[in-house]
Number of protein chains: 2
Amino acid sequence: MKETIFFIKQLQEKGLKITPQRQEIIRVFLESKNNHLSAEDVHNQIAEKFPSMSLDTVYRNLSVMQQLGILTELNFGERKNLFEINSSQHHHHLVCTKCGVSEEIDFCPLEFLDADKVKNFKVKKHSFEIFGICANCME
Amino acid sequence: MKETIFFIKQLQEKGLKITPQRQEIIRVFLESKNNHLSAEDVHNQIAEKFPSMSLDTVYRNLSVMQQLGILTELNFGERKNLFEINSSQHHHHLVCTKCGVSEEIDFCPLEFLDADKVKNFKVKKHSFEIFGICANCME
DNA sequence: CTAAGTGCAAAACTTTTGCAGGCGA
DNA sequence: TCGCCTGCAAAAGTTTTGCACTTAG
């Protein structure tokens with residue numbers, strides 16, 4: 001997969017070693033249907049193919065990759081932290097508080113934010129999430 | 001304080017008992033300079049005046065008050081969950097990732113969000129936070 | 001070869017829960 | 001008085017850390 005190589009090169013450029021464990025983590029994020037994965041999710045999905053890999057390693061690498069900007073840490077107010085791989089386009093979500101499903105939304109508030117409002121502040125990243133009840137749960 | 005009474009009445013209306021512990025929690029939120037407090041923060045600030053109050057009670061009440069809409073749970077990606085008391089106006093924040101200080105911003109993305117984008121979704125609440133480096137830390 | 005990375009085990013931390021007694025309405 | 005609330009203690013669950021061994025470059 002071409003995209004996999006793109007992320008692996010990012011590791012390389014930042015001076016990180018390319019271990020099988022790290023490749024597996026990237027693979028899981030790219031192949032998973034769900035964009036938002038917890039450390040445990042990642043570990044479970046890897047376990048099928050690679051049972052010896054420890055959860056500790058997942059934690060350590062999610063943390064490293066997040067610092068490098070390969071992953072973004074999300075926080076929907078649950079106990080577990082969720083991570084998302086940074087595709088070229090970032091996006092925000094509608095999160096159903098009943099069933100937990102999240103859907104991407106094509107809207108970014110930063111486009112509407114007047115630069116004056118963030119004067120004297122160097123914006124690095126932002127979060128915008130909408131919580132509510134999805135169509136399925138509404139019935 | 002008039003505002004205190006407002007929040008205490010909310011407890012009453014929802015059928016909750018007005019215990020000294022609950023009054024203390026509300027007081028801390030109203031008196032604290034920092035709008036965003038973790039369970040431990042609240043507990044520490046109460047400890048000075050009321051050392052016998054347990055952290056468990058803080059947790060239980062933050063949870064209850066959040067369900068009643070008296071408090072909002074925030075999540076800036078730290079380990080601890082933070083809570084904020086709901087004044088009449090909600091607001092969003094600039095959060096400095098260096099020093100942790102957060103500043104309110106006078107902008108709400110929902111005002112700019114086309115209703116079409118959230119069709120078939122019942123919006124209950126939302127989060128919008130901007131992370132970066134504040135003026136102080138920039139020097 | 002050697003620094004970075006990993007697995008194991010244990011610890012650290014935050015949050016939740018069961019239970020018996022206490023207290024507000 | 002009655003049922004909600006609290007404190008205590010213990011458990012549960014997630015994330016971090018120390019250490020010795022392994023491995024990518």
Side-chain angles (χ1 to χ4, degrees), chain A residues 5 7-28 36-47 49-68 70-83 100, chain B residues 5 7-28 36-47 49-68 70-83 100:
Chain A
I5 296 170
F7 287 109
I8 289 183
K9 276 199 175 149
Q10 287 196 37
L11 286 180
Q12 224 162 16
E13 283 167 17
K14 318 259 182 169
L16 295 183
K17 292 186 176 170
I18 301 173
T19 63
Q21 291 88 339
R22 284 178 178 157
Q23 293 184 59
E24 278 299 294
I25 291 175
I26 289 173
R27 183 188 60 75
V28 166
H36 308 141
L37 301 174
S38 68
E40 205 188 354
D41 294 337
V42 172
H43 185 242
N44 286 342
Q45 292 198 37
I46 291 176
K49 296 197 179 181
F50 200 158
S52 69
M53 180 163 166
S54 79
L55 183 56
D56 322 50
T57 299
V58 176
Y59 272 112
R60 271 189 279 233
N61 282 315
L62 293 182
S63 173
V64 170
M65 291 182 185
Q66 198 232 158
Q67 283 166 42
L68 297 187
I70 295 174
L71 300 176
T72 298
E73 190 173 350
L74 302 170
N75 240 309
F76 294 167
E78 288 147 36
R79 183 97 164 255
K80 291 184 184 182
N81 292 338
L82 300 179
F83 292 82
Chain B
I5 295 170
F7 287 108
I8 289 181
K9 275 198 176 152
Q10 288 196 38
L11 286 179
Q12 224 163 16
E13 282 166 18
K14 318 261 182 168
L16 295 183
K17 292 188 176 167
I18 301 174
T19 63
Q21 291 89 338
R22 285 177 177 158
Q23 294 183 59
E24 279 297 296
I25 291 176
I26 290 173
R27 182 187 62 74
V28 166
H36 309 141
L37 301 173
S38 68
E40 204 188 355
D41 293 337
V42 172
H43 185 243
N44 286 341
Q45 292 197 37
I46 290 175
K49 294 195 179 182
F50 200 156
S52 70
M53 181 164 167
S54 80
L55 182 57
D56 322 51
T57 300
V58 176
Y59 273 112
R60 272 189 277 233
N61 282 314
L62 292 182
S63 173
V64 169
M65 290 181 186
Q66 198 231 157
Q67 283 166 43
L68 297 188
I70 296 174
L71 300 176
T72 298
E73 191 173 347
L74 302 171
N75 240 309
F76 294 165
E78 288 147 35
R79 181 96 166 258
K80 293 183 182 182
N81 291 338
L82 299 180
F83 292 81

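The figures here come from the full heavy-atom set of this structure, side chains too, leaving out hydrogens, waters and symmetry mates. In what follows, every chain begins at residue 1, and chains take the letters A, B, ... in the order their sequences are listed.
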Presence of donor-acceptor pair under 3.5 Å, side chain of Asp56(B) and base of dC8(D):
yes
Less than 4.5 Å apart, any side-chain heavy atom of Thr57(A) and any of Thr19(A)?
no
Measure the distance from CG on Leu55(B) to P on dT17(C) and round it to the nearest whole Å.
15 Å
On the nucleotide dG7(C), are OP1 or OP2 found under 4.0 Å from the side-chain N or O atoms that Thr57(A) carries?
yes
Donor-acceptor contact below 3.5 Å, side chain His43(B) vs main chain Met53(B)
yes
May I have the distance from Asn81(A) (atom CG) to dG13(D) (atom P), rounded to whole angstrom?
17 Å
Tell me: CG of Leu62(A) to P of dT16(D), nearest whole Å?
10 Å
For Asn61(A) and Arg60(B), take the nucleotide of DNA chain C holding the closest heavy atom to each; which residue's nucleotide lies nearer the 5' end?
Asn61(A)
If we check side chain to side chain donor-acceptor pair (under 3.5 Å) with Glu24(B), which of these qualifies: Gln21(B), Arg27(B), Arg22(B)?
Arg27(B)
Rounding to 0.5 Å, atoms CD (Glu73(B)) and CG (Leu82(B)) come to a distance of 9.0 Å
Name the nucleic acid region contacted by Ser52(B), choosing base, sugar-phosphate or nothing; use a 4.0 angstrom heavy-atom cut-off, strictly under.
sugar-phosphate
note: Asp41(A), atom CG; dT15(D), atom C1'; distance rounded to Å ~ 15 Å
Round to a whole Å and report the spacing from CG of Leu11(B) to P of dT6(D).
10 Å
Quick one: on DNA chain D, does Tyr59(A) or Met53(B) contact a more 5' nucleotide (nearest heavy atom)?
Met53(B)
Whole-Å distance, Arg79(A) CZ to dT17(C) C1', equals 12 Å
Would Met65(B) and Ile26(B) count as a side-chain contact (heavy atoms from CB on, under 4.5 Å) if you check the C-alpha gap in whole Å, the side-chain angles of each, and the deciding distance to 0.1 Å?
CA-CA 10 Å; Met65(B) 290 181 186; Ile26(B) 290 173; 4.2 Å; yes
In whole angstroms, how far is the C1' atom of dA4(C) from the CD atom of Gln12(A)?
15 Å
Drop me the distance from Ile70(B)'s CD1 to Ile25(B)'s CD1, to the nearest 0.5 angstrom.
10.5 Å
One should read off an interatomic distance between Leu37(A) CG and Leu62(A) CG, to the nearest 0.5 angstrom, of 9.0 Å
Atom CD of Gln67(A) and atom P of dG5(C) are separated, to the nearest Å, by 12 Å
Strictly below 4.0 Å, heavy-atom distances to any atom of DNA chain C: list the hits from residues 15-28 of chain B, or just say none.
Lys17(B), Ile18(B)
